[in-house]
Amino acid sequence: MSDWLTAMENDTQASVLVTVALVEGSGPREAGAKMRVTLNGQVDTIGGGHLELRAVEIAKTMLATADTHARLERFALGPSLGQCCGGVVHLAFEYVDASLKELLTALRERRQQDSWRLTALDGDVASALFDAAGMLIAGMPAQAPDTFSRERATHVAQDGQGRRWLVDPCLAPRAHLTLFGAGHVGAAIVRALAHLPCNITWVDEREDMFPAQLPDNVRIAATDTPEEFVAIAPPGGSFLVMTHSHALDQRLTEAIMARDDAGWFGLIGSHTKRKQFEHRLQARGVSEARIAAMVCPIGMPGIRNKAPAVIAASVACQLLMVWEEAAGAALAAPLRLVPASAPSRRNKRAAIHPL
């Protein structure tokens, strides 16, 4: 999760959570982007500029007046805000009271699991947190709607009584990278991906090569059998091979090629190394299509500098393109309404439908 959730873990200051609820046309950030605002400052961003300045002013007014009711505000990104995006952004403002703070604590503990957060934008304060099965995790079950879309990004929906709700998916990172090699380039790539929405399994047989401090999205595996981590990687996961040994690179490449459900695969090396590996893979019966999908050399075309930090920046861009394409395909799936299944929810309120 972003800093909006983690940075204020032990902060006792009152705050307002600002969420981009809906974007029509162009906007500085996507639906679901958030920031937390206190009287003394803010954490994270919804895109900067006059839109953010105005949002901070509204949030601080809510704090100064102890206005605990959620609200939805519409902003046209034109001359009045001094921005030229041309779109319209709808922002949800939520006062972080004791109930919402409890919900956010539960959400923070579920960072590696999918959650859906619902907040009433009209009427009495009401919010709830559900898991992927529709079970209530925290919040107010008596007031939350019975059904809501789970296959759409953050949006505003309306129940049968005309009440508007913010439906806010807080999903675990879908992107996973298994990175083999803890040398200079591997370490630079881990640093480059440290604050990006992904999880990294970092594998090397040399335990002393790993740094003492690791980003939150990284787990290390010091092992003499790195091929095992090819086998247990999630379906569709990305692989990056850059070990200290060409022989080990070869073994890992063959193991990755053997998985029909492997995602993007990058191998550090030159065009000459690629040709050598191609011949060996062909001799082992690997299909031409699988070999063609292997990315070697790695990095964005046109970037020739071989400094570790430059390679890392280039590969991070490459991975982001792959991951965003996959995320876009997932969001294009048809919508469906999934009934919540918390046993205590008996009121059978109407389903809410996206506006």
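What's counted below: heavy atoms across the whole structure, side chains too, no hydrogens, waters or symmetry copies.
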More than 12 heavy atoms of other residues, nucleotides or ligands under 6.0 Å from CD of E102: yes or no? no

Tell me, yes or no, whether the heavy-atom count around D216 atom CG, taken from other residues, nucleotides or ligands under 6.0 Å, exceeds 12. no

Could you tell me if the side chain of F265 sits less than 4.5 Å from the side chain of L252, heavy atoms only? no

Should Q113 and D131 count as side-chain neighbours, where that means a heavy-atom distance under 4.5 Å? no

Any side-chain heavy-atom pair from R280 and V286 closer than 4.5 angstrom? no

Quick one: are P28 and L51 in side-chain contact, heavy atoms under 4.5 Å? yes

What's the separation between atom CZ in F277 and atom CG in L267, rounded to the nearest 0.5 Å? 5.5 Å

Would you say CG of D260 has more than 12 non-hydrogen atoms from neighbouring residues, nucleotides or ligands within 6.0 angstrom? no

Closest non-hydrogen atoms of P173 and Q112, given as atom of the first, atom of the second and distance, are CD-OE1, 4.2 Å

Residues in salt bridge (charged side-chain N to carboxylate O under 4.0 Å, His left out) contact with D122, at least two apart in sequence or another chain: R164

Pairs of donor and acceptor atoms involving the side chains of residues 239-247, under 3.5 Å and at least two apart or interchain, shall be tabulated with distances.
unit_1 : atom_1 : unit_2 : atom_2 : d
T243   : OG1    : S245   : N      : 3.1
T243   : OG1    : S245   : O      : 3.0
T243   : OG1    : D249   : OD1    : 2.6
H244   : NE2    : E205   : OE2    : 3.1
S245   : OG     : A247   : N      : 3.3
S245   : OG     : L248   : N      : 3.1

Heavy atoms only: give me the nearest A33-T45 pair and the separation to one decimal. CB-O, 4.5 Å

I want to check something: taking the side chain as every heavy atom from C-beta on, are E207 and I220 in contact at a cut-off of under 4.5 Å? no

Please tell me if the side chains of L63 and V16 come closer than 4.5 Å, counting only heavy atoms from C-beta onward. yes

Which pair of heavy atoms, one from V295 and one from Q318, lies closest together, and at what distance? CG1-NE2, 3.6 Å

Nearest 0.5 Å please: distance from the CG atom of L104 over to the NZ atom of K101. 9.5 Å

Could you tell me whether the side chain of H50 reaches within less than 4.5 Å of the side chain of F75, counting heavy atoms only? no

Just how far is it from atom OG of S270 to atom CD of Q276, taken to the nearest 0.5 Å? 7.0 Å

Do Q282 and E278 get their side chains close enough for a donor-acceptor pair, meaning under 3.5 Å? no

Quick one, L39 and Q13 - any side-chain contact, counting heavy atoms below 4.5 Å? no

